[in-house]
Q: 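Dropping the structure in here first, questions after.
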Number of protein chains: 2
Amino acid sequence: MARSIFYHAGCPVCVSAEQDIIGLIGENNVEVVNIGEDRARIAEAEKAGIQSVPALVTPNGNVLHINFGASLADVKG
Amino acid sequence: MARSIFYHAGCPVCVSAEQDIIGLIGENNVEVVNIGEDRARIAEAEKAGIQSVPALVTPNGNVLHINFGASLADVKG
């Protein structure tokens with residue numbers, strides 16, 4: 001199965017959601033990307049349709065925005 | 001594994017998220033509840049901490065609000 005990608009920015013809401021997502025779909029099925037640290041991937045997240053983090057991009061390209069940690073504008077700013 | 005519960009209200013955002021969640025964690029691992037139809041379970045959703053649907057309650061009781069379809073107030077109203 002293609003992996004999902006979980007984008008976050010290290011915020012408490014993000015960390016909590018990350019643990020939940022890993023518990024639900026399995027560590028091997030999700031790539032975790034911290035766009036607060038790995039800023040080169042912010043553009044990739046935007047292109048995927050992400051508006052806020054934490055968010056999960058499914059293998060078929062759908063974006064699931066989960067709870068609310070930070071807007072992408074805040075991460076970029 | 002204890003099952004998660006996915007609460008929705010039949011809205012297009014909900015249906016799309018439902019398909020994604022089922023694809024990610026498996027149909028057998030999630031109970032799907034339409035609180036728009038099964039209104040007796042709205043109180044249960046509120047008690048779980050749900051503020052909007054679609055939302056997923058994990059086996060350990062955490063609430064993941066996913067995207068945004070409708071506030072619980074709208075579903076109740």
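Since the model is a prediction, treat every value here as computed from it, not as a measurement. Order of the sequence lines fixes the chain letters, A, B, ..., with proteins taken first and strands second; residue numbering starts at 1 for each chain.
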Q: Linking I/L/V/M/F/W/Y whenever any side-chain heavy atoms sit under 4.5 Å apart, do B/V63 and B/V53 land together?
A: yes

Q: Hey, any chance A/I5 and A/L64 share a hydrophobic cluster, counting ILVMFWY side chains that come within less than 4.5 Å of each other, even indirectly?
A: no

Q: Tell me, side chain or backbone of B/V13 under 4.5 Å from chain A's heavy atoms, or both, or neither?
A: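 Neither; nothing under 4.5 Å.
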
Q: I need the A/I66 CD1 to B/N67 CG distance, nearest 0.5 Å.
A: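 CG of B/N67 is found 8.5 Å from CD1 of A/I66.
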
Q: Side-chain heavy atoms under 4.5 angstrom apart, residues restricted to Ile, Leu, Val, Met, Phe, Trp, Tyr: same cluster for B/V57 and B/V32?
A: no

Q: Using the rule that Ile, Leu, Val, Met, Phe, Trp and Tyr join whenever any side-chain heavy atoms are under 4.5 Å apart, tell me whether A/I22 and A/L56 fall into a single cluster.
A: yes

Q: Is there a path from A/I50 to A/I42 through hydrophobic residues (I, L, V, M, F, W, Y) whose side chains come within less than 4.5 Å of each other?
A: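 A/I50 clusters together with A/I42.
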
Q: Test A/L24 against B/N29 for side-chain contact (heavy atoms from CB on, under 4.5 Å), laying out the working first.
A: CA-CA 9 Å; A/L24 288 169; B/N29 296 322; over 6 Å; no

Q: For A/V30, is it the side chain, the backbone, both or neither that has a heavy atom under 4.5 Å from a heavy atom of chain B?
A: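 Answer is neither: A/V30 stays 4.5 Å or more from chain B.
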
Q: When rounded to the nearest 0.5 angstrom, what distance separates OG1 in B/T58 from CD in A/Q19?
A: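 Those atoms lie 11.5 Å apart.
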
Q: Roughly how far, to the nearest 0.5 Å, is CG of B/D20 from CG of A/N62?
A: 4.0 Å

